[in-house]
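The next block holds one structure in the form of structure tokens; read it before the comments.
Proteins come first, then strands; the chains are lettered A, B, ... in the order of their sequence lines, and each starts at number 1.
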Protein chains: 2
Amino acid sequence: MSRWIVAYHHGDLPAALLAAVESAIADSGVSGVSLRDVARRAGVSHAAPAHHFGSKAGLLTAFAAAGYQLLAESVIKEVAASDAADGAAELAAIGRGYVRFAVSHPAHFEVMFRLDALDPGNAEFVAASEAAYGLLTATVERCRAAGRLHGRPPEVVAVSAWSLVHGLSALWISGRLPERIAEQDPQRLAAAVSDLFVEAVLPPARAGGSDAGL
Amino acid sequence: MSRWIVAYHHGDLPAALLAAVESAIADSGVSGVSLRDVARRAGVSHAAPAHHFGSKAGLLTAFAAAGYQLLAESVIKEVAASDAADGAAELAAIGRGYVRFAVSHPAHFEVMFRLDALDPGNAEFVAASEAAYGLLTATVERCRAAGRLHGRPPEVVAVSAWSLVHGLSALWISGRLPERIAEQDPQRLAAAVSDLFVEAVLPPARAGGSDAGL
DNA sequence: AGCGGTATCTTGCCAGTGTCTAGTTTGTTC
DNA sequence: GAACAAACTAGACACTGGCAAGATACCGCT
């Protein structure tokens with residue numbers, strides 16, 4: 001067994017190519033990224049990316065999968081940083097973590113949801129996406145067990161929470177949002193929106209009882 | 001003055017090209033659309049689209065502006081179809097109309113928010129977008145006047161409502177959502193999510209008083 | 001030390017793309 | 001009918017993604 005899994009000519013070209021994708025998107029947007037430009041940025045020939053990722057869709061899919069991992073890390077970190085006494089506080093933290101990821105890694109975020117430019121059946125991509133979604137459903141289930149859903153369908157609450165922070169992230173990154181409102185700090189806005197949702201939709205339970213399950 | 005503004009060779013090539021864009025996106029996704037393919041679909045030479053729209057970005061920008069008009073029409077129609085007794089019911093109708101537009105015209109919706117492929121400074125595009133956004137802020141203002149904001153900042157409520165339905169639309173169209181949940185009718189889901197938001201965030205005012213303004 | 005095998009990466013090619021320039025056709029106006 | 005403007009075509013250019021063939025560097029094995 002070798003000490004490094006990949007350490008031939010370049011060192012770790014796949015990682016270098018993914019980094020090149022990020023800087024290329026930062027410079028010219030997702031639609032402006034080309035395999036050849038990415039290859040140039042990494043200092044290799046124009047056909048090298050295809051060797052590792054199969055095609056442009058394969059490269060972007062790997063980039064998107066890496067994005068899902070960054071998303072999960074950001075969410076977990078934000079939950080850990082908060083007190084997160086209960087599921088509701090945890091849900092607000094997840095929302096902040098989601099937006100924090102999107103704003104810190106807009107290139108990843110944009111690619112993750114451009115399924116027409118990706119290979120959506122890719123196993124790694126699906127697994128990474130499942131793992132991230134599981135964080136949300138687990139927390140909504142915790143809210144349900146604590147009786148904070150007040151009879152609302154868990155699925156609707158989960159979809160609403162996800163849509164809320166996803167929409168906020170997408171609108172912020174697209175630039176449609178910051179040009180229209182006074183608040184210019186996305187993190188404060190994310191906190192306000194998340195708190196609004198949790199306070200209004202998931203107020204503390206009256207008795208100690210729990211809601212009905214899914 | 002001529003009776004028709006544009007009626008030379010083709011009849012109305014700009015409109016035909018915009019229709020061709022929609023079918024091209026339906027066939028091969030936004031990233032798969034090319035000026036030459038659009039021209040072929042309209043039965044004209046490869047350089048004809050550039051003559052009318054300047055560039056690929058110009059063509060997509062015109063398509064996005066048309067999307068904003070369709071969005072406004074869908075929202076207004078949904079509000080009119082509902083009873084819409086007060087601002088809160090109106091807001092829920094706006095949410096349903098937003099999602100209905102996105103699901104009925106996914107090609108337009110996707111292009112509208114791909115600002116990296118557009119010419120975001122285009123006057124028509126900006127105006128169409130402003131008009132659509134104005135419908136939302138006007139309704140939130142009506143809720144505020146009716147005392148249904150309960151002290152919450154109007155800006156945060158407006159952003160939350162917009163983010164909620166935008167996220168729901170984007171996730172549904174991207175396919176990430178329908179593959180994860182039981183509800184397969186986007187319109188019923190939109191109604192459930194909109195109602196959840198309005199019930200929880202904008203319950204009827206206790207007294208008759210109004211909240212503080214912006 | 002040297003050999004075979006393999007993964008890495010390069011080079012060259014192809015059809016297709018967006019944009020530019022020049023030219024042709026068509027309709028309007030005087 | 002002639003001058004003009006607008007609509008559209010035809011050709012060229014640099015660029016793209018994908019493919020096939022080859023060169024290079026590393027590894028395990030004897």
* Phosphate oxygens OP1/OP2 of C:dC9: is one of them under 4.0 Å from a side-chain N or O of A:His52? -> yes
* Knowing that exactly one of A:Arg144, A:Arg148, A:Arg142 qualifies, which makes a salt bridge (charged side-chain N to carboxylate O under 4.0 Å, His left out) with A:Asp86? -> A:Arg148
* Could B:Asp27 and B:Arg40 be called an ion pair, given the rule that one side-chain N must be under 4.0 Å from one carboxylate O? -> no
* To the nearest angstrom, how far is A:His51 atom NE2 from C:dT10 atom P? -> 10 Å
* B:Leu35 CG to C:dT19 C1': how many Å, rounded? -> 9 Å
* Starting at the 5' end of DNA chain C and moving along, which residue's nearest nucleotide shows up first, A:Arg36 or A:Val44? -> A:Val44
* To do: Using only side-chain N and O atoms of B:Ser45, determine if any of them is under 4.0 Å from OP1 or OP2 of D:dC8.
  => no
* Asked: Under 3.5 Å, is there a donor-acceptor pair between the side chain of A:Asp116 and the main chain of B:Ser31?
  -> yes
* Select base, sugar-phosphate, or nothing to describe what B:Ala47 touches, counting heavy atoms under 4.0 Å on all strands. => base
* Structure fact -> Heavy atoms of A:Phe53 and A:Ala62 approach each other most closely as CE2-CB, 3.5 Å
* **Given C:dT17, D:dG18, D:dA7, the nucleotide with the shortest approach to the side chain of A:Lys56** => D:dG18
* To do: Give the rounded distance in Å between these two atoms: CZ of A:Arg40 and P of C:dT11.
  => 14 Å
* To do: Please report, rounded to the nearest Å, how far the C1' atom of D:dG18 is from the CZ atom of A:Phe53.
  => 17 Å
* Asked: Rounding to a whole Å, what distance do you find between B:Leu118:CG and C:dG18:P?
  -> 15 Å
* For the side chain of A:His46 and the base of C:dG12, is some donor closer than 3.5 Å to an acceptor across the two? -> yes
